[in-house]
2 protein chains.
Amino acid sequence: MHPDRRLTRNQDAVLAVLQEQRSPLSAQALYRLMRDRQPMGLATVYRALDVLKLNGLVQHRVSLEGESLYSSIHQDLHYLTCLHCGQSFVLDHCPVERLEDQIQTSGSFKVYYHTLEFFGLCEPCAHPAAPTPSTVHVDDESTADGEV
Amino acid sequence: MHPDRRLTRNQDAVLAVLQEQRSPLSAQALYRLMRDRQPMGLATVYRALDVLKLNGLVQHRVSLEGESLYSSIHQDLHYLTCLHCGQSFVLDHCPVERLEDQIQTSGSFKVYYHTLEFFGLCEPCAHPAAPTPSTVHVDDESTADGEV
DNA sequence: AGTAGAATGAGAATGGTTATCATTCTAGAA
DNA sequence: TTCTAGAATGATAACCATTCTCATTCTACT
């Protein structure tokens with residue numbers, strides 16, 4: 001990874017594959033995919049993703065399982081993620097672009113991308129057939145809005 | 001962690017400590033803090049955070065280093081994070097609350113909290129004294145082996 | 001062609017988080 | 001109060017995505 005340098009063959013291949021994807025991919029999944037395209041070591045995949053990220057070509061978010069998911073910088077997808085089952089639903093609207101522009105033009109920080117994700121419980125997890133973790137009674141301190 | 005159950009002493013203590021904090025804390029940091037308050041095993045701290053999260057009392061985001069940072073659900077902090085040095089700057093404005101309400105009232109998903117984070121390069125990392133990773137030439141996409 | 005610096009691969013090491021399991025606690029029943 | 005089933009807890013091993021190490025290969029430039 002270096003200043004004013006053109007991407008390497010591997011970095012280019014990783015970027016190309018990412019740009020074909022419809023949804024974010026983990027580094028490991030990407031590594032497996034590369035076998036049929038441009039086989040390379042796992043470490044190289046991670047390094048390539050780092051370079052691409054530092055150059056504003058790729059973005060990433062972290063799944064609930066702690067896995068980093070990468071996608072092309074041009075994808076502006078956001079999610080509703082269930083804290084219980086971990087399933088993610090895609091949101092079609094992004095209300096943040098304007099703010100990003102504001103930050104951008106205010107100088108002093110160059111914004112490449114942003115993540116916006118909502119967490120909570122999806123319908124099945126919130127109202128399961130059999131009772132499931134949902135309501136909790138908190139006695140003291142601030143909160144006490146149990147009821148779900 | 002169980003249905004319609006009051007928080008345990010430990011879970012209560014973890015929540016209380018979190019509510020005193022001004023900024024998000026990692027589970028490990030929290031574990032260290034608890035020693036002076038309500039000593040408990042590291043695993044219990046993680047379990048408590050899970051329960052609190054599933055009940056909408058605590059939120060978390062993941063740092064660039066892959067560490068989960070927890071905070072009270074009432075903190076609505078968002079960040080500008082530098083991809084190069086990892087430093088985070090707090091944003092004072094959150095433009096997303098309205099959308100959260102929309103999702104909330106549209107039914108079918110109960111939103112507890114959201115994360116909003118901008119990534120890019122901070123001033124020092126973007127314009128360092130000595131040249132640093134910044135510019136990259138991409139000749140479109142799948143140019144795997146062109147000239148070079 | 002020759003050389004310095006960068007990239008790469010393979011595998012070891014790291015470190016936050018989760019799983020395991022024996023023990024302790026809690027809330028309700030008798 | 002005592003008894004008991006189910007839940008919570010602690011200590012530690014196991015996991016696993018990611019990073020590091022280092023010897024080797026490539027690349028760009030002279």
Side-chain angles (χ1 to χ4, degrees), chain A residues 1-15 24-35 37-55 58 60-70 83-84 86 130-133 136-137 139, chain B residues 1-15 24-32 34-35 37-55 58 60-70 83-84 86 130-133 136-137 143-148:
Chain A
M1 73 120 131
H2 265 264
D4 288 304
R5 185 172 299 280
R6 146 182 312 272
L7 295 180
T8 68
R9 197 185 340 280
N10 284 337
Q11 290 158 7
D12 239 344
V14 168
L15 179 59
L25 237 53
S26 72
Q28 313 252 0
L30 206 40
Y31 166 66
R32 273 174 252 125
L33 261 186
M34 298 312 290
R35 287 198 193 135
R37 287 284 214 106
Q38 177 86 202
M40 68 185 78
L42 180 58
T44 300
V45 172
Y46 278 104
R47 283 186 284 234
L49 288 170
D50 258 359
V51 173
L52 295 172
K53 197 168 59 180
L54 275 174
N55 284 289
V58 149
H60 88 296
R61 71 177 184 114
V62 183
S63 76
L64 278 186
E65 290 76 42
E67 212 177 20
S68 283
L69 303 176
Y70 300 83
L83 292 167
H84 190 267
T132 296
V136 161
H137 307 285
D139 20 39
Chain B
M1 70 124 137
H2 266 263
D4 288 303
R5 186 172 299 281
R6 145 182 311 271
L7 295 179
T8 68
R9 198 184 339 282
N10 285 336
Q11 290 159 7
D12 239 343
V14 168
L15 179 58
L25 237 53
S26 73
Q28 314 250 0
L30 206 39
Y31 166 66
R32 272 174 252 123
M34 297 314 289
R35 286 199 194 134
R37 287 284 214 107
Q38 177 87 201
M40 68 186 78
L42 180 58
T44 299
V45 173
Y46 278 103
R47 283 185 285 233
L49 288 169
D50 259 359
V51 173
L52 295 172
K53 196 168 60 181
L54 274 173
N55 284 289
V58 150
H60 89 295
R61 71 177 186 113
V62 183
S63 75
L64 278 186
E65 289 77 42
E67 212 177 22
S68 283
L69 302 177
Y70 300 82
L83 292 166
H84 189 268
T132 296
V136 160
H137 308 286
T143 318
D145 19 64
E147 29 157 358
V148 178

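Below, chains carry the letters A, B, ... as their sequence lines are ordered, and counting in each starts from 1.
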### Message
Restricting to side chain to side chain contact (heavy atoms under 4.5 Å, CB included), what partner residues turn up for B/Ser26, sequence neighbours left out?
### Response
B/Gln28, B/Ala29, B/Glu67, B/Leu69
### Message
With a 4.0 Å limit, can you tell me whether B/Asn10 has a side-chain N or O closer than that to the phosphate oxygens OP1/OP2 of D/dA8?
### Response
no
#### Entry: Protein-nucleotide distance (A/Glu65, atom CD; D/dC16, atom C1'), rounded to Å
12 Å
#### Entry: Length of the CZ-C1' vector between A/Arg35 and C/dG9, whole Å
14 Å
## Note on the structure
Smallest heavy-atom separation, A/Leu30 atom then A/Leu25 atom, equals CD1-CD2, 3.6 Å
## Note on the structure
Distance col, row A/Arg6:CZ vs A/Asp12:CG, nearest 0.5 angstrom, shows 8.0 Å
### Task
Take B/Val14 and B/Thr44 through the side-chain contact (heavy atoms from CB on, under 4.5 Å) test and state the conclusion after the steps.
CA-CA 10 Å; B/Val14 168; B/Thr44 299; over 6 Å; no
### Query
For A/Tyr70, what residues pass the side chain to side chain contact (heavy atoms under 4.5 Å, CB included) criterion, not counting sequence neighbours?
A/Leu18, A/Ala27, A/Leu49, A/Val58, A/His60, A/Ser68
### Task
Find the distance B/Leu49:CG to D/dT9:P and express it as a whole number of Å.
12 Å
### Task
Looking only at side-chain atoms of B/Arg9, point me to the closest of D/dT18, C/dC25, C/dA10.
C/dC25
#### Entry: Separation of atom NE2 in A/His60 from atom P in D/dT18, rounded to whole Å
9 Å
### Query
To the nearest Å, how far apart are A/Met34 CE and C/dT8 C1'?
14 Å
### Residues forming a salt bridge (charged side-chain N to carboxylate O under 4.0 Å, His left out) with A/Arg32, sequence neighbours excluded
none
### Query
Looking at C/dT26, D/dT9, D/dT19, which one has an atom nearest to any side-chain atom of A/Tyr46?
D/dT19
### Query
Closest approach of A/Gln11 and A/Val51, non-hydrogen atoms and distance?
NE2-CG2, 3.8 Å
Pairs: protein N or O with nucleotides 22-24 of chain D N or O, under 3.5 Å:
none

### Selected nucleotide, minimal atom distance to A/Glu67 side chain, candidates C/dT17, D/dA17, C/dT8
D/dA17
### Message
Please enumerate all residues that pass side chain to side chain contact (heavy atoms under 4.5 Å, CB included) together with A/Asp50, with sequence neighbours excluded.
### Response
A/Lys53
#### Entry: Shortest side-chain distance from A/Thr8, nucleotide among C/dA7, D/dT18, C/dT26
C/dA7
### Query
If you look at every strand shown and take non-hydrogen atoms under 4.0 Å, does B/Gln28 touch a base, only sugar-phosphate, or nothing?
base
### Query
Between A/Leu64 (CG) and C/dT17 (C1'), how many Å, whole number?
13 Å
### Task
Report the distance from atom CG of B/Asn10 to atom CE of B/Met34, rounding to the nearest 0.5 Å.
7.0 Å
### Message
Restricting to non-hydrogen atoms, name the atom on B/Val45 and the atom on B/Met40 that form the minimum distance, rounded to 0.1 Å.
### Response
CG2-CG, 3.7 Å
### Query
Which nucleotide, C/dA10, D/dT18, D/dT9, lies nearest any side-chain atom of A/Leu42?
D/dT18
### Message
Whether B/Ser68 contacts C/dG16 is assessed here as follows: a side-chain N or O lying under 4.0 Å from the phosphate OP1 or OP2. Is that the case?
### Response
no
### Task
Would you work out how much the helix from C/dA1-D/dT30 to C/dA30-D/dT1 bends between its ends, with each end axis defined by five base pairs, to 10 degrees?
30°
### Query
Nearest-Å distance, CZ (A/Arg32) to P (D/dC16)?
13 Å
### Task
Grab the CZ-P distance between A/Arg6 and C/dA7 for me, whole Å please.
14 Å
